[in-house]
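The structure under discussion appears below in the form of structure tokens.
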Amino acid sequence: MVDNRYATALVIGSVLSLLATVYLSVAVGTQDWFQYNTPPIKRCVNTTAIKNEFLTGDFEEKTYSSHLFKWNGTLGLWWRCIQVPLCSHWYCCQQGNKILDPKTETLCMSFTLPQQFSTKVKQNESEEDLLRTYLWRCQFLLPLVSLSLVFLSGLVGVCACLCRSFTPTLVVGLFHFIAGLCSLGTVCCFRISVDQLNGEYRKPGDVVGSMGWSLYLALISFPLQMMAAALFLWAARSHRKHYTRITAYRVA
């Protein structure tokens, strides 16, 4: 028999865990972790070559970072995007001597698995930049570890229900605690990695960088997972104490 307090804690913890999983999954799959606001270009630019270079060119950090700085780019864990004029001809943006504000389209490219684990190199040297290399790899792996732990804790919870045992709830709480740390580590690694990228390739002073809504979703998932972990751990610990007292009373 499970006390109503423990059952309520388990239900609330499960809801918080579900919300955290949804937020983190949406954050991982979207590209608005960090965005650059570029001043409008006051001249007509033929963007055909830029589109081809961004979409089909070789993967080079220096190349795509310069496009992000210049074309209102957004950067995510799996995606990099830029906004370029929809029409690349001069007559689309110029009317007489007046430069029009052209319509833009968003171009996105995903990071492949080898690119995620590629070695980062310092701009003016040929040696490996270990800090940026491992920060990038951690920001890719940590959210996957977090989601895997939550999924595994769900399986443990289902097994606990089938076995009518309250003991595995302690394992579920520990899994959520570690998952929350992984979510926080993802945000920290990404933020430091972006700062290193901006410093390495010298982001122009007139380009304003800001955190996007995807990063905030991942950040919100951290306290949700921690609250879920606290509820699961409290329920498991309190139920065990309560069961021990009842057993001692019956023996006496």
Side-chain angles (χ1 to χ4, degrees), residues 1-30 32-34 76-78 116 134-194 211-252:
M1 180 74 64
V2 179
D3 192 276
N4 288 335
R5 294 175 300 169
Y6 309 142
T8 303
L10 292 179
V11 171
I12 297 176
S14 300
V15 173
L16 293 175
S17 175
L18 179 61
L19 288 175
T21 304
V22 172
Y23 288 164
L24 185 59
S25 300
V26 172
V28 170
T30 52
D32 293 298
W33 282 67
F34 196 84
L77 299 183
W78 287 84
Q116 294 281 13
Y134 286 101
L135 282 174
W136 193 276
R137 293 175 181 177
C138 287
Q139 76 183 28
F140 167 72
L141 292 174
L142 286 178
L144 300 181
V145 173
S146 178
L147 293 173
S148 299
L149 287 173
V150 174
F151 177 75
L152 185 59
S153 67
L155 294 180
V156 173
V158 171
C159 294
C161 293
L162 295 177
C163 298
R164 296 183 179 181
S165 175
F166 213 85
T167 304
T169 308
L170 180 64
V171 179
V172 174
L174 290 176
F175 280 172
H176 277 81
F177 179 76
I178 300 174
L181 293 180
C182 291
S183 299
L184 180 62
T186 301
V187 175
C188 294
C189 288
F190 179 84
R191 194 65 183 89
I192 298 173
S193 179
V194 169
M211 294 182 291
W213 60 268
S214 299
L215 185 142
Y216 288 113
L217 279 183
L219 190 59
I220 291 173
S221 68
F222 161 67
L224 293 178
Q225 288 173 328
M226 285 301 182
M227 288 188 289
L231 287 172
F232 288 133
L233 292 174
W234 173 83
R237 184 178 177 85
S238 299
H239 182 269
R240 183 176 181 181
K241 287 183 177 180
H242 181 68
Y243 180 78
T244 303
R245 291 174 182 174
I246 292 178
T247 303
Y249 177 78
R250 290 178 177 177
V251 171

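None of the values given here were measured: they were computed from a predicted structure. Computation of the quantities below employed the complete heavy-atom set of this structure, encompassing side-chain atoms and omitting hydrogens, waters and symmetry-equivalent molecules.
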Just wondering, do [Y] and [X] contact through their side chains at under 4.5 Å, heavy atoms?
{"X": "L142", "Y": "S183", "result": "no"}
{"X": "L231", "Y": "L10", "result": "no"}
{"X": "L77", "Y": "F190", "result": "yes"}

Next on the checklist: If the condition is ring-ring contact (aromatic ring centres under 6.0 Å, His included), which residues does W78 pass it with, not counting sequence neighbours?
Outcome noted: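 W78: ring-ring contact (aromatic ring centres under 6.0 Å, His included) contacts with F140.
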Checklist entry - What residues form a ring-ring contact (aromatic ring centres under 6.0 Å, His included) with F34, not counting sequence neighbours? => result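 Testing F34 for ring-ring contact (aromatic ring centres under 6.0 Å, His included), a comparison that skips the adjacent residues, returns Y36.
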How far apart are the closest heavy atoms of [X] and [Y], and which atoms are they?
{"X": "L224", "Y": "A20", "value": "CB-CB, 3.7 Å"}
{"X": "G13", "Y": "A228", "value": "O-CB, 3.5 Å"}
{"X": "V150", "Y": "A179", "value": "CG2-CB, 3.9 Å"}
{"X": "V172", "Y": "S153", "value": "CG2-O, 3.6 Å"}
{"X": "C182", "Y": "V145", "value": "SG-CG1, 3.8 Å"}
{"X": "L217", "Y": "A27", "value": "CB-CB, 4.0 Å"}

Checklist entry - Do side-chain atoms of W33 reach the backbone of Y216 as a donor and acceptor pair under 3.5 angstrom? => result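 Looks like no, no N/O pair under 3.5 Å.
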Item to check | Backbone N/O of P143 and side chain of S146: donor-acceptor pair under 3.5 Å | outcome: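 Checking the backbone N and O of P143 against the side chain of S146, no donor-acceptor pair under 3.5 Å is found.
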Next on the checklist: Test side-chain contact (heavy atoms from CB on, under 4.5 Å) on M226 and L181; report intermediate values, then the result.
Outcome noted: CA-CA 8 Å; M226 285 301 182; L181 293 180; 3.5 Å; yes
Item to check | side-chain hydrogen bond (donor to acceptor under 3.5 Å, both in side chains) pairs, two or more places apart, involving residues 14-26 | outcome: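 Sorted pair list: S17-H176.
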Checklist entry - Please walk me through it: do D32 and L215 pass side-chain contact (heavy atoms from CB on, under 4.5 Å)? => result CA-CA 7 Å; D32 293 298; L215 185 142; over 6 Å; no
